[in-house]
Amino acid sequence: MTRAAFSYDFPHRHLISVADLNPVDIRIIFERAAHWLAVNRTPDKSSDVLKGLTVLNLFFEASTRTQGSFEMAGKRLGADVVNFAVAHSSASKGESLSDTARTLAAMRPDIMVVRHSATGAPRFLAERTGLAVVNAGDGMHEHPTQALLDSFTLAQHWGEVGGKRILIVGDILHSRVARSNIGLLNILGAEIRLCAPPTLLPSDVDQWGCDVFHDLDDALQDCDAVMALRQQKERMSGGFVPSAREFFHLFGLTHERLEVCSPDVLVMHPGPMNRGTEIHTKLADDPEKSVILEQVESGVAVRMAVLELIGETIRRDFHSREAGQ
Ligand code: ASP
């Protein structure tokens, strides 16, 4: 299916928060992701929809899958993709984020994919540079393409995510994946459950539109999908749980525990996964239940969809400026 089949102009230049998206935006992203998912399974993956555009991957925090996934997405769409290695950058020599951004913007890339440990860094960079920005994870705040790929993976199984019961278990407090997923699943009309020890839940969790549990066996009742989260030790300044062993005993996902879920329950994890801490290794590898590798595959397709749609906005904005509108 070519893009010309749609009459909807994606209205966004940036993807910084899932809250910026409405249900139609999400539908278009999923339709395009389904297209790219099918293309990615053929030997003819390359396309020229982003030919002429430069995508700059600007990762101030370590990343394996997200950076690789964005790089593959940009390359398969024909963009010039430049990975800006922060370890070798001026940031480590004391340059401010604003100066780094303005310097890079002067090289005239078109889209900046940004990961940063500080909440708000992607929006700040968008305002400072005027470039299109995709948030690839900012601190504990948001990771919108992760949430899109998670819901897209579920939609591939179910058709609709609305009306399904989805549990997120683990370190909710420090998780940008949880925040973006909750925002998106609320827009899509899913029932969201959270389960964590009180130390790993934010104090305002009662305002998040979710049902909160501290007991995993109660939380799992009749769930259609369960997402395990790792403890984000890099964001913890002290001890939040007694030990990995105790955490697994209380909050770890196992086959036995899932017996109270829907028989077709899907098991998810955004990675990186700590086997034996938040999920039993046999469950993680169970081809009947685990969709963890499908999430990774969906990730490339969803990022292709997002980059494609933002690329269209960039070209449309440019042509209307040229036409003096
Ligand atoms: N990869 C995800 C993130 O960047 C989840 C994680 O690191 O645990 O937030």
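Note that ligands are numbered from 1 as they come in the structure, with each ligand's atoms numbered from 1 the same way.
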Check your understanding: Is there a heavy atom in Pro272 that sits closer than 4.0 Å to ligand 1?
Key -> yes

Check your understanding: Does some non-hydrogen atom of Arg65 fall short of 4.0 Å from ligand 1?
Key -> no

Looking at [Y] and [X], is any side-chain nitrogen of the basic one under 4.0 Å from a carboxylate oxygen of the acidic one?
X	Y	value
Glu71	Lys75	yes
Arg115	Asp138	no
Glu308	Arg32	yes

**Study point:** Side chains of His116 and Glu61, donor plus acceptor under 3.5 Å
**Key:** no

Review point. Should you measure from each heavy atom of Arg115, which atoms of ligand 1 turn up under 4.0 Å away?
Key: 4 (O)

Review point. Which bit of Gln146 gets closer than 4.0 Å to ligand 1, counting heavy atoms only: side chain, backbone, both or neither?
Key: neither

Exercise for review: Measure Arg176 to ligand 1 on non-hydrogen atoms and call it side chain, backbone, both or neither using the 4.0 Å cut-off.
Suggested key: side chain

Practice item. Give yes or no for whether the N/O distance cutoff of 3.5 Å, strictly under, is met between Gln232 and ligand 1. Key: yes

Check your understanding: Any N/O of Gly271 closer than 3.5 Å to an N/O of ligand 1?
Key -> yes

Practice item. Tell me, with the steps shown, if Arg193 and Ile168 meet side-chain contact (heavy atoms from CB on, under 4.5 Å). Key: CA-CA 6 Å; Arg193 290 183 166 187; Ile168 305 177; over 6 Å; no

Review point. Is the charged tip of Arg303 near the ring of Phe70: under 6.0 Å from the six-membered ring centre and within 45° of its axis?
Key: yes

